[in-house]
Amino acid sequence: MRFDLSSQAFFRDPAAEIARLRAAGAMVEVRFPIVGTVWTTTTQELADRVLKDDATFTVRRDDGNVVGLRWWMPPILRTLSNNMLAADEPDHRRLRDVVDEAFRRRAVLEMEPRILALADELADRLFADGTPADLVGRFARILPLSVICELLGLPREDRPKFIAWAGGFTRFTGALGFFAAIPAMVAMKRYMERRLDAARAGGGEGLIAELVRVEREGGRIDRSEMVSMLLLLLLAGHETTTHLISGAAYELVRNPDLRDWLAADWSRINLATEEFLRYVSPVQFTKPRHVRRDVELGGVRLRKGDRIMPMLAAANLDPQANAQPEKLDLARRPNRHLAFGTGIHFCLGHQLARIEGACAMKALLRRWPTLALAVDERDIRWRERPGMRAIDRLPVAAV
């Protein structure tokens, strides 16, 4: 089906575009840039079924290669794909167990005061260089990046490097942009190798030092897997939350009634955060999966060797899962969404993302209760990057 997954129309009004896609069926074929033609789901029930059936739908093909990696892609990408997100069982569990403890609920909850302090600090400096301020660049990107750097044990003075690297790595939309991002990938890989070497020589704090300890004690993870794991945590640990925060802030500043309703009672923030996760859906698709056997799904007969990418955005906007899904309802209860996926690849950092999103909104609106858009809504643009709903710039002012 002809469906532009990177158009401004799609990102500006996903509910309308996805309704058109769903009208074509519960399962449709779409062309995804770089990956190629794949099947996708348009309902929550089917997305849930695919993601939980990790025996039939796997992230690696029968030959062991990651689904979606093409023959022409450089070796560096294969190295960076050597992580738990691109692994099936039992390798997935082996790799996830190495870092699981750092992301358990208790450990993350203990970080909340520090995250809120960082958010307050950034909110205070939001307009330090004048008005309007780009909320994406000055707040939404820096907060999760600061948090994940502290969690990994990376020096504060290196954060500008990551902002530049991540900016180049996450902006590509097609093959040419993909190749342009290779220098950033190589630089990040070399940096992580140096940090691992430093931790081996002198110890330290954070997840990097913890990975080195695990390596010494049992060898459950090799050097290549360690580098890939760190890059996954750094990129996934800040990129998706960046767009959750900017997407939530966009909805609040263009809806002053919702902004004021939330600020009037912060006990509502957890419910609101779940709705932002559902409604904004920063991660629109999962990774592509390989169909290991002939199977019927949504009235379509999939053949062994087909590829499928469940559409999380469609699952979150499915009227069979949530009434009036096109409406932003910050008091929605129950709220059935797949913003973090499900099954064995359920997002490791879901608790951290929730806390960062809640702290970000709290810090912003307590410091700037009249925060508002500084441009017309029609001037807001999303990055033309399929799979991620990411506002490019969000100019705001305190009126």
Side-chain angles (χ1 to χ4, degrees), residues 11-15 112 115-116 118-127 131-144 147 238-284 313 316-317 322 324-333 335 337 339 353-383 388-399:
F11 290 132
R12 190 172 299 280
D13 190 2
E112 185 169 1
I115 294 172
L116 185 56
L118 285 169
D120 284 334
E121 180 183 331
L122 289 171
D124 281 342
R125 300 203 311 263
L126 181 60
F127 298 108
T131 301
D134 173 24
L135 192 137
V136 177
R138 293 196 58 85
F139 184 86
R141 183 168 296 281
I142 299 175
L143 176 60
V147 172
H238 92 273
E239 183 69 15
T240 54
T241 312
T242 291
H243 305 311
L244 169 65
I245 292 171
S246 58
Y250 171 68
E251 297 301 334
L252 290 176
V253 296
R254 75 187 188 112
N255 293 287
D257 289 346
L258 291 180
R259 177 199 66 191
D260 297 344
W261 177 87
L262 182 58
D265 183 355
W266 286 110
S267 69
R268 300 164 171 166
I269 187 60
N270 290 336
L271 270 180
T273 301
E274 294 305 308
E275 179 67 347
F276 287 132
L277 284 162
R278 183 196 71 82
Y279 189 82
V280 174
S281 287
V283 181
Q284 306 263 286
N316 293 344
L317 291 168
N322 293 287
Q324 294 183 289
E326 74 287 350
K327 179 184 177 184
L328 178 64
D329 179 3
L330 298 186
R332 185 181 295 274
R333 197 198 300 256
N335 194 326
H337 67 74
R354 286 178 162 111
I355 289 175
E356 288 180 44
C359 287
M361 294 306 103
K362 193 178 294 186
L364 273 177
L365 296 187
R366 289 197 307 198
R367 181 64 181 85
W368 308 105
T370 58
L371 196 68
L373 265 180
V375 297
D376 190 282
E377 284 183 33
R378 291 170 294 185
D379 294 329
I380 300 298
R381 294 190 64 81
W382 283 258
R383 294 185 183 180
M388 185 73 71
R389 190 169 182 236
I391 293 175
D392 192 37
R393 294 183 70 257
L394 185 59
V396 294
V399 296

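Residue numbers start at 1 and run along the sequence shown.
- Between the side chain of Asp134 and the main chain of Val136, a donor-acceptor pair closer than 3.5 Å is present.
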_Test side-chain contact (heavy atoms from CB on, under 4.5 Å) on Arg383 and Arg389; report intermediate values, then the result._
CA-CA 7 Å; Arg383 294 185 183 180; Arg389 190 169 182 236; over 6 Å; no
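- In this structure, Asn335 CG and Phe276 CZ are separated by 11.5 Å, a value rounded to the nearest 0.5 Å.
- Of all the heavy atoms in Ser246 and Leu394, the pair that sits closest is O-CD2, 3.6 Å.
- Heavy atoms only, all atoms of each residue included: Phe127 and Val396 are closest at CE2-O, 3.3 Å.
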Show me, pair by pair, the donor-acceptor contacts under 3.5 angstrom made by side chains of residues 356-367, not counting sequence neighbours?
residue : atom : partner : partner atom : Å
Arg367  : NE   : Asp124  : OD1          : 2.9

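- The salt bridge (Lys or Arg N to Asp or Glu O under 4.0 Å) contacts involving residues 324-333 comprise Glu275-Arg332, where partners must be two or more places apart or lie in separate chains.
- Considering all non-hydrogen atoms of both residues, Ala339 and Leu277 come closest at CB-O, 3.6 Å.
- A distance-only check finds a donor-acceptor pair linking the side chain of Arg138 to the backbone of Leu126 [under 3.5 Å].
- Of all heavy-atom pairs spanning Thr242 and Pro144, the tightest one is OG1-CG, 3.5 Å.
- Not a single side chain to side chain donor-acceptor pair (under 3.5 Å) links Arg259 to another residue, sequence neighbours left out.
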*Before giving the answer on side-chain contact (heavy atoms from CB on, under 4.5 Å), spell out for Met388 and Thr240 the whole-Å C-alpha distance, their side-chain angles and the decisive distance to 0.1 Å.*
CA-CA 8 Å; Met388 185 73 71; Thr240 54; 3.9 Å; yes
*Kindly indicate, with the supporting measurements, whether the criterion side-chain contact (heavy atoms from CB on, under 4.5 Å) is fulfilled by Leu330 and Leu271.*
CA-CA 6 Å; Leu330 298 186; Leu271 270 180; over 6 Å; no
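- Between the side chain of Arg278 and the main chain of Pro325, a donor-acceptor pair closer than 3.5 Å is present.
- Comment: Glu121 engages Arg125 in a salt bridge, judged by a side-chain N to carboxylate O separation of less than 4.0 angstrom.
- The nearest pair of heavy atoms linking Ile245 to Leu143 is CD1-CD2, 4.1 Å.
- No donor-acceptor pair closer than 3.5 Å links the side chain of Thr241 to the backbone N or O of Ala353.
- Under the 3.5 Å distance criterion, the side-chain polar atoms of Trp368 are matched with a main-chain donor or acceptor of Ala123.
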